[in-house]
Amino acid sequence: MSSMTLVEAVRAALARALEEDPTVLLLGEDVGRDGGVFRATERLFERFGPERVLDTPLSEALFTGLAVGLGAQGFRPVVEFQFDGFMYPALDQLLNHAGRLRARTRGRLSCPIVLRAPYGGGIRAPEHHSESPEGLFAAIPGVRTVIPSSPARAYGLLLAAIRDPDPVVFLEPKRIYRAVREELEDDGRALPLDRAFVLREGRDLTIVAWGALVREVLEAADRLAEEGARAEIVDPATLAPLDAATILASVAKTGRCLIVHEAPRGHGPGAEIAAILAEEGLFSLLAPVARVTGFDAPTPLPRLEGVFLPAEVDILEAAHRLLAHR
Amino acid sequence: MSSMTLVEAVRAALARALEEDPTVLLLGEDVGRDGGVFRATERLFERFGPERVLDTPLSEALFTGLAVGLGAQGFRPVVEFQFDGFMYPALDQLLNHAGRLRARTRGRLSCPIVLRAPYGGGIRAPEHHSESPEGLFAAIPGVRTVIPSSPARAYGLLLAAIRDPDPVVFLEPKRIYRAVREELEDDGRALPLDRAFVLREGRDLTIVAWGALVREVLEAADRLAEEGARAEIVDPATLAPLDAATILASVAKTGRCLIVHEAPRGHGPGAEIAAILAEEGLFSLLAPVARVTGFDAPTPLPRLEGVFLPAEVDILEAAHRLLAHR
Amino acid sequence: MVEVARFAVERVEILRPDGTLAAPLPAWAEQPDELIRLYRGMVLTRTYDTKAVNLQRTGRLGTVASSLGQEAVAVGTAAAMRPEDVLLPSFREQGAMFWRGVRIEELLAFWGGDERGSNWAEAREDFPICVPVGSHAPHAAGVACAFRLRHEPRVAVCVLGDGATSKGEVYEAWNLAGVWRLPMVTVVNNNQWAISVPRSAQTAAETLAQKAIACGMPGVQVDGNDVIAVREVVGRAIERARSGEGPSLVEAVTYRLSDHTTADDARRYRDDAEVSTHWKEEPVARLRSLLVARGLWGKEREEALVAGCNREVERAVEAYLARSPAPASDMIDHVFASVPEPLAPQREAILRRAAARAAGAEGAAR
Amino acid sequence: MVEVARFAVERVEILRPDGTLAAPLPAWAEQPDELIRLYRGMVLTRTYDTKAVNLQRTGRLGTVASSLGQEAVAVGTAAAMRPEDVLLPSFREQGAMFWRGVRIEELLAFWGGDERGSNWAEAREDFPICVPVGSHAPHAAGVACAFRLRHEPRVAVCVLGDGATSKGEVYEAWNLAGVWRLPMVTVVNNNQWAISVPRSAQTAAETLAQKAIACGMPGVQVDGNDVIAVREVVGRAIERARSGEGPSLVEAVTYRLSDHTTADDARRYRDDAEVSTHWKEEPVARLRSLLVARGLWGKEREEALVAGCNREVERAVEAYLARSPAPASDMIDHVFASVPEPLAPQREAILRRAAARAAGAEGAAR
Ligand SMILES: Cc1ncc(C[n+]2csc(CCOP(=O)(O)OP(=O)(O)O)c2C)c(N)n1
Ligand SMILES: Cc1ncc(C[n+]2csc(CCOP(=O)(O)OP(=O)(O)O)c2C)c(N)n1
Ligand SMILES: [Mg+2]
Ligand SMILES: [Mg+2]
């Protein structure tokens, strides 16, 4: 057991994967000597060498397509995007190739690649450095979108993503890269994909959240507990394919659901969750579903970011509204 | 008045826009002498010349970025993508530039561009030629996503899109490019953006659909009428920003909502509509919301496409389920 | 002002349009069988193209892209490859795919709208047809990178068109291949047209071969209607890459004698006159002249070959038309290695819908 | 084998690192004021950079990218432009932006996290800073295309880095500019590094200037630490474009003496030794030597200039720190020309949240 931050857990999982499987490669910009802008690959170049940890020329579209070719040949490339806002050039390769290479060749070729990126706001970063694009990736058939919300889940889910035989977009909540430490065993044990995590049990209200906001949600749940309301916290972890069953089971019990995310609201990543409740959970709902989200605007620069990003007060305010329905 | 197909209405709107506004340009691949692969720009090159109708080198990322530069300089470029599956390289320019140029300069520069593309399945086309990416575009802040479902709406909405001072993704349902003719006046009159169209009034069930599927939905509604059930048909036309008010008002009346689209279901374009109902229409719902959609898989090649695409029978089957709830 | 770098682009021609020699034949080409294999490969491809267009016209096949007049590029390229090399084709390389072992009925299945057509029995590592222009170039770099990392003497061969050279990812892939010295060879099939857009409107570069200069690799131009020159020049590029000397680019200059695809009508944008002048340069008659001049070919052999190719294509067409339909569940069973639990209900829904369609069809039939 | 094209890449140097002349001065540079303006532009830029880094270190500014050692590229480029030309900068062109009229407090506002900083009062048509590397190159082609279509004698000037030359859209924009002969000039600021990735790992091309060959346009290399040469070579490129002769590329070879940004620690990936050798070539001291040698400069003038630049920057910092906060509704009011009806409720929600935050802050304060 050792105590790790989320970014340390990511590094530990990468090192473990490189260690256990010679086909695992790290690709990206500045992942070599520099160790990545957030140091997620620190010392891995020195440890595993230039044939396992490769700095590419500066192009995200390129290294994504490169990974598709490597993957088809049996390698397991893990590519790092420096920031969320630089992932968009990869969408074409994801939509037209990575997500369908297996399907279009009926299994002859496959695409065991992982696209890692720090994502989300709250670190007062420059333009294009604080985006929450998880909803875009979640809409791509044949691609998994996975988001950890703690060091332990970062470690276990990243290992699962790398070992998975299909493409995974792995988004790391940069705001909590170093915010918390957690005791965890670097034992190579993976956590299941396609499975939601119930982080706290409760019977009055279900709160669905992922990534950095899970912290605010847990704090809000503490407040609610003081008020006598018990919130159940569900972290989908894998946003697509989405474990609807766990969310439906929770809402069947609580009758109330609050969905929290940083991404813009309209056609955002929370919509599918609310939609599933409207389709399959309607009669267990005592209160309308509520979403606490960012707004339908580009992520603002730091000065206004604090208003754009959901905070504990917003979560509490919405929770109180839902709890008022009996 | 003259009778036009949808593609003829598109051509008429383009000609009208080129005629009335010297800053309107047409850009794309084969939009010149060839008149576009679906002939949407036929004879416009001959009529308006090479300084108004420009064939670009082969790159969608390029001509989208080119349009951003032209737009910032006061031109109104209308770019044609040959098929839906070739739009993805444009996502980076849309997400990082077109959708935020106005916001990030606080109005100093703007982006009055239109990205046109034939979209959707059902014409037995090759791979990557039958996609429904509207949900991806609808999730981009600062960009409007507009889809016509008839020649008259194609004409009026395309004119509105071109005159609008902000970026619009305009998706043309290729399956009905020539399927129906409609009497319409080429009078330069635009239709409103951000406004849903109630295509048929009814009080038993609301069906929300757009693009080519509106035809199947109207036929299904005829069948339902024979059975004595009156469906209200709502075509959002502008998927983002979405006119939720019209949909909510309809469901407040009918108590039942069926959402129909070709795109994959998970995190698809119908999710936001169902989410809004779960949030703001819950207590008017007599039945669960239902979605009849494509599946979470790449659009199959023609042999299996017929199973992937929703058909009238699927709509009827779902409608009957909803109507069973009283 | 000091000169810091200088470059030259060369062009290779061996067999003239009239079948005479502009340069001595390479040693391998002195062997009759080699030439005859190349000739057969081109004739088979032309036979297939004619048949495929005909099947499309009669509603038994989807849109197809003929390679009429460009057979030498695909066949010459494939002939220069080893079986263990990997081909990353665009959508007009049928001549290369057949040479590498893809069966005609498999390719027909693909263009007929059945994904199983891309799950071919031979050349298992070759990439499927790439429809989004140029988007396979980075894959070729990835495949080449895999060979390099495994220290395998294999080469990734990417074929794309003149229009594709305007796509950024193609340049990106070349630039990477250059700086990592990857065993990747790109054959640019310059058939002068990208649908209706002429080569001259695609770039101001005097040649497409010189685009290699931007990526620090060699680029050479070859007469793409001369299968001997293509086989020779691409062969040199491939062996260069195989021996660790890095990537290169071959621009094969040819001409698209057919419409872009069966969905296109080239008369809208180019003169028949232009097309007919290019008919004088087409690769099949050209090689035949050489074979005849060398006494290797005559009426009987020609008739036998044509009859043989026709039979082979006909048999493939029958096999294609006789294929049993794929189960609808195929569309979701291969999206992931196994159907994720959350998608199981969708698999059920697909089967229900397929049943409903079948029932509907029956209903209609009755 | 026949040669079908040949190319050469040249390099221009005028002022040597020691301040002596490698070539005669251009006529314009014989005028003292011209040289002194260039000198002042570089000193002001360096003063700003020093201050900005300091503000970041003390928590009063966000991440910033210093242009230490590269001032000649930005200043020389801007000096070669006319006011009516349009600049499309990357994120290290502060020297050019100030020259064009962007106010220091505006740029500080931007890096301080306030979008209003990009709504500057002068140079209204210039593009805002482009953070996604290379993605502004197609915009430059679009701006140039607008000039061409309106028959205006104006030029779009795009500045980007050595790393950016690996981005596909940069190549695509150059290729378009070449074939449409657009009035677009690209200055590649080759500072040898893309964060930790050296130029040598970015491409195998011997020069970045030769990338122009792929796009059928001229490319030339210039000593990027020689502001006179930059001003001269970029000026020729701009006037060439203005007169309708088409686009070109200028590779300005310089060196990033600073960390990549305040978020970077260059010691992790490069030796101080390498950096100190490059200090000998930096552009400010170099031009000063010439000025001194020509008797145009001395201790007093230097002190006066430095003091003036310090005052100007200090005043700007005060103005920046004194700025009143923007209303939260700004974040949605400028997304579209007017707030679409469906988004009106979100505007309300933004104001409610802003109020809640303010209340929270007060609460915390109490
Ligand atoms: C990214 C993309 N954009 C557009 C198309 C539509 N399209 C198919 S082929 C083609 C022209 C390709 O020209 P070229 O690269 O020269 O290949 P050729 O067809 O001449 O063999 C176009 C525009 C496409 N397939 N992919
Ligand atoms: C598309 C994209 N990918 C990654 C980044 C992160 N990043 C910022 S600057 C930089 C290096 C740029 O190098 P270069 O083009 O040489 O410009 P320089 O910083 O040296 O001025 C990188 C990778 C980015 N801003 N945009
Ligand atoms: Mg071509
Ligand atoms: Mg650099």
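Throughout, a chain's letter reflects where its sequence line sits, starting with A, and its residues are numbered from 1. Being a predicted model, the structure only gives us computed values, none of them experimental.
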So, the part of Val133(C) with a heavy atom under 4.5 Å from chain B: the answer is side chain
For Pro342(C), which atoms come within 4.5 Å of any heavy atom of chain B: side chain, backbone, both, or neither? neither
Can you run down the ring pair (Phe, Tyr, Trp, His ring centres under 6.0 Å) pairs that involve residues 47-71 of chain B, sequence neighbours left out, and say none if there aren't any? Phe63(B)-Phe81(B)
Contact part of Pro126(B) toward chain C, heavy-atom cut-off under 4.5 Å: side chain, backbone, both or neither? side chain
Counting backbone as well as side chains, what donor-acceptor pairs lie under 3.5 Å between chain C and chain B?
from	atom 1	to	atom 2	distance (Å)
Gly112(C)	O	Arg303(B)	NE	2.8
Gly112(C)	O	Arg303(B)	NH2	3.4
Gly113(C)	O	Arg303(B)	N	3.0
Glu115(C)	OE2	Leu301(B)	N	2.6
Ser196(C)	N	Asp30(B)	OD1	2.8
Ser196(C)	OG	Asp30(B)	OD1	2.5
Gln202(C)	OE1	Leu58(B)	N	2.6
Arg268(C)	NE	Asp34(B)	O	3.1
Arg268(C)	NH1	Glu42(B)	OE2	3.2
Arg268(C)	NH2	Asp34(B)	O	3.0
Arg268(C)	NH2	Glu42(B)	OE2	3.0
Tyr320(C)	OH	Arg303(B)	NH2	3.0
Gln346(C)	OE1	Asp296(B)	N	2.8
Gln346(C)	NE2	Asp296(B)	OD1	3.3
Gln346(C)	NE2	Asp296(B)	OD2	3.0
Arg353(C)	NH1	Thr293(B)	O	3.2
Arg353(C)	NH1	Val307(B)	O	3.2
Arg353(C)	NH1	Phe308(B)	O	2.8
Arg353(C)	NH2	Thr293(B)	O	2.6
Arg357(C)	NE	Gly306(B)	O	2.7
Arg357(C)	NH1	Asp314(B)	OD1	3.2
Arg357(C)	NH1	Asp314(B)	OD2	3.3
Arg357(C)	NH2	Leu309(B)	O	3.0
Arg357(C)	NH2	Asp314(B)	OD2	2.5

Looking at residues at least two apart in the chain, or sitting in another chain, which of them share a side-chain contact (heavy atoms from CB on, under 4.5 Å) with Ala98(B)? Val68(B), Leu94(B), Cys111(B), Ile113(B), Pro167(B)
Side chains of Val131(C) and Phe86(B): does their closest heavy-atom pair fall under 4.5 Å? yes
How long is the span from the CG atom in Leu343(C) to the CZ atom in Phe295(B), to the nearest 0.5 Å? 11.5 Å
Closest-packed option against chain C by number of heavy-atom pairs under 4.5 Å, given Ala297(B), Ala61(B), Pro302(B): Pro302(B)
Restricting to non-hydrogen atoms, name the atom on Pro57(B) and the atom on Ala201(C) that form the minimum distance, rounded to 0.1 Å. CG-O, 4.0 Å
Minimum-distance pair of heavy atoms, taken over all atoms of Val335(C) and Pro298(B): CG2-CD, 3.8 Å
With sequence neighbours left out, write down each residue that passes ring-ring contact (aromatic ring centres under 6.0 Å, His included) with Phe110(C), or none if nothing qualifies. none
